[in-house]
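Both backbone and side-chain heavy atoms feed into the values below; hydrogens, waters and symmetry mates do not.
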Amino acid sequence: PIQGGMVHPYLRRRQGLEPVTYPSPAVEQVLRRTLGVPIFQEQVMQLAVVAAGFSPGEADSLRRSMAAWRRKGGLEHFQERLIRGMLARGYEHRFAEQIFQQILGFGEYGFPESHSASFALLAYVSCWLKHHEPAAFLAAMLNSQPLGFYSPSQLVQDARRHCVEVRPADVTVSEWGCTLEPRPTGHSSPITHHSSRLSNPAVRLGLRMVKGLAEAAAQRIVDARTATAFAGVEDLARRARLDRRDLRNLAAAGALAALAGHRHTAHWASAGIDIAPGLLEDVPVCESLPLLAQPTEGEDLVADYASLGLTLGRHPLALLRRRFARMRLATAADLARLPHGRLTRTAGIVTCRQRPSTAKGVVFVTLEDETGYVNVVVWRALVERQRREVLGASLLGVEGEIQREGEVVHLVAHRLTDHTRLLGRLAARSRDFH
C-alpha cells in the first residue's frame, strides 16, 4: 500500500490535511469508506468493474494476477485494458495511471478487507492490554518467548519506562513462568498519561528466564519449597535434586541472591556443595563464607545479559552517558524533541536491522539507549560505503538529519561509527533481517 501511494494520502485525508475528492459518483460508491483511496483488494476489483468496464470474471482474474505477479509477472496485459476502459468512460489519464500504480502496489503487499479487520482487532486488543494492564501484558509477552520481533530486554526496558516494576528471578518465590505480584498497600505509581490506574502489580521474572535451566529443574524447585522455605543453597540443591550445572546457572542469573547474597558468594556457595548421595549426605556442614568482593555494576550488567538476556539494573548506556555527553551524542529522548531537518548525532545499542525487499537496498536500524529508541534510515549508497558498520556494530554511532512527520521521528544517517569496543564484554544481540 505504501508503494502504491495509498497510505499517506489516506492518513492526510483522515487528518483533514487534504480534501477528499472523487472523479465520479460511481467511484465514490466504491471508495467513500476509505476517503477516496483504494485500501482493500475488493475495492480494486470493484473499481475495475465500475470505472474500466471489467466483467466480474475479468476482475477476479485481475485479483489472482495481483497475488502472483511478483513471481510470474502477468499484470502488464491488464494495464492497457484498464487505462483504455477508464478513458472511454471519461476518466482522466492521470487517474487511470494512478489506479494501475496502486494495483502494482497491491501486488507487493495487498490483502482483502477480512484480513485487515482481523489484524486490526488483534492490534487494538494488544494496545488496550498494554495501555490498561501493562504488567499483565509484559508477563504474557515474556511467557510467550520466543515470539519474534522484540527481545525480552526490549520488552522489559519499555515496560519499566512505562512505570511497571519488574522483580528479579528468585528461587524462593519465582515460578517457571513470569507472574504478577501485588505491590505494598498504599503504593502509588508515577503513571499518569500511560494508564488510568494509579497502581499496577509488579512482574516477577520466572525461572524460565534463566539461561540453561530446564523446566523440570525449575518445577522441582517450586515443588520443594511448598512445605518449608529453603535454609540455604545446600538445602535447595538437596531438596530440589539440582546438579552442578543447575546451581551454576542459577548463581550466574542472580537467582540465589535470597539464599547466598551477590553473585560471587552465590557461586562460592554452589561450588562447595557435594551433590553426590553418600553416607554423610544429611550431615550439615558449618562453614563461614569468605569475604568476597561484591561485583561491580558493570560486572553485574555483563552477567545479567549473559545469563538472562536483560538487566534490571541501569541500562548499559547509562554508564557511558558522561562519555557520550563529552562526545556531544544526544539521547533518544533528545532526538524526539528536535525539529524536522535538524542535524544531530547519537549512539545506541543495535536491537534490530531490517532490509525489506521492497526498500531498494535501504536498511532500517533500531537503536536503544536508556531513554528509548531511535529509528535510523540508512540509504543504499551509505550502506555500500559503510557496510562493516551497518552490519557489524553492536553499539552504533550515527550522524544525520532528523526527519519528522507529526510524532513520528526518523534519523536519516549521513555517517556511521562503530563504538562497540565501549561495551567491553557485554554481549548485545540484535534481531537482523527477519
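- Between H264 and H262, the ring-plane angle classifies as perpendicular under the 30° and 60° cut-offs.
- Residues S307 and V210 fail the side-chain proximity criterion, which asks for heavy atoms closer than 4.5 Å.
- Residues L142 and R208 fail the side-chain proximity criterion, which asks for heavy atoms closer than 4.5 Å.
- Of all heavy-atom pairs between S153 and G309, the closest is CB-O, 3.3 Å.
- Two residues are said to be in side-chain contact when any heavy atoms from C-beta on lie closer than 4.5 Å; L423 and S394 meet this criterion.
- Counting only heavy atoms from C-beta outward, the side chains of V166 and L205 approach each other to under 4.5 Å.
- Distance alone, capped at 3.5 Å, is enough to place a donor-acceptor pair between the E42 side chain and the E113 backbone.
- Side-chain N or O atoms of R239 include one that pairs as donor or acceptor with a backbone N or O of A224 at under 3.5 Å.
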Go through the steps to decide whether E401 and R342 satisfy the test side chain to side chain contact (heavy atoms under 4.5 Å, CB included), and finish with yes or no.
CA-CA 6 Å; E401 180 179 338; R342 175 69 61 85; over 6 Å; no
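- Checked for salt-bridge contact, R380 and E384 meet the test: a charged N lies under 4.0 Å from a carboxylate O.
- Among the candidates V376, N375, T351, L411, the single residue satisfying the side-chain contact (heavy atoms from CB on, under 4.5 Å) test with V365 is V376.
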Evaluation steps, side chain to side chain contact (heavy atoms under 4.5 Å, CB included), between Q41 and H115:
CA-CA 10 Å; Q41 274 187 357; H115 291 197; over 6 Å; no
Assess the residue pair L213 and L250 against the criterion (side chain to side chain contact (heavy atoms under 4.5 Å, CB included)); give the C-alpha distance rounded to whole Å, side-chain angles, the decisive distance to 0.1 Å, and a yes or no.
CA-CA 8 Å; L213 185 69; L250 290 167; 3.8 Å; yes
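- With a 4.5 Å cut-off on side-chain heavy atoms, D304 and R263 count as touching.
- Residues F324 and L422 form a side-chain contact, since some pair of their non-hydrogen atoms from C-beta on lies under 4.5 Å apart.
- In this structure the side chain of L317 never reaches within 4.5 angstrom of the side chain of T331, judged on heavy atoms.
- Across every non-hydrogen atom of R225 and V173, the tightest pair is NH2-O, 3.1 Å.
- For R425, the CZ atom sits in a loose shell: 12 or fewer heavy atoms of surrounding residues, nucleotides or ligands are nearer than 6.0 Å.
- R204 places a side-chain N or O within 3.5 Å of a backbone atom of P168 that can act as its donor or acceptor partner.
- Across H315, R321, R314, a single residue satisfies side chain to side chain donor-acceptor pair (under 3.5 Å) together with E370, and that is R321.
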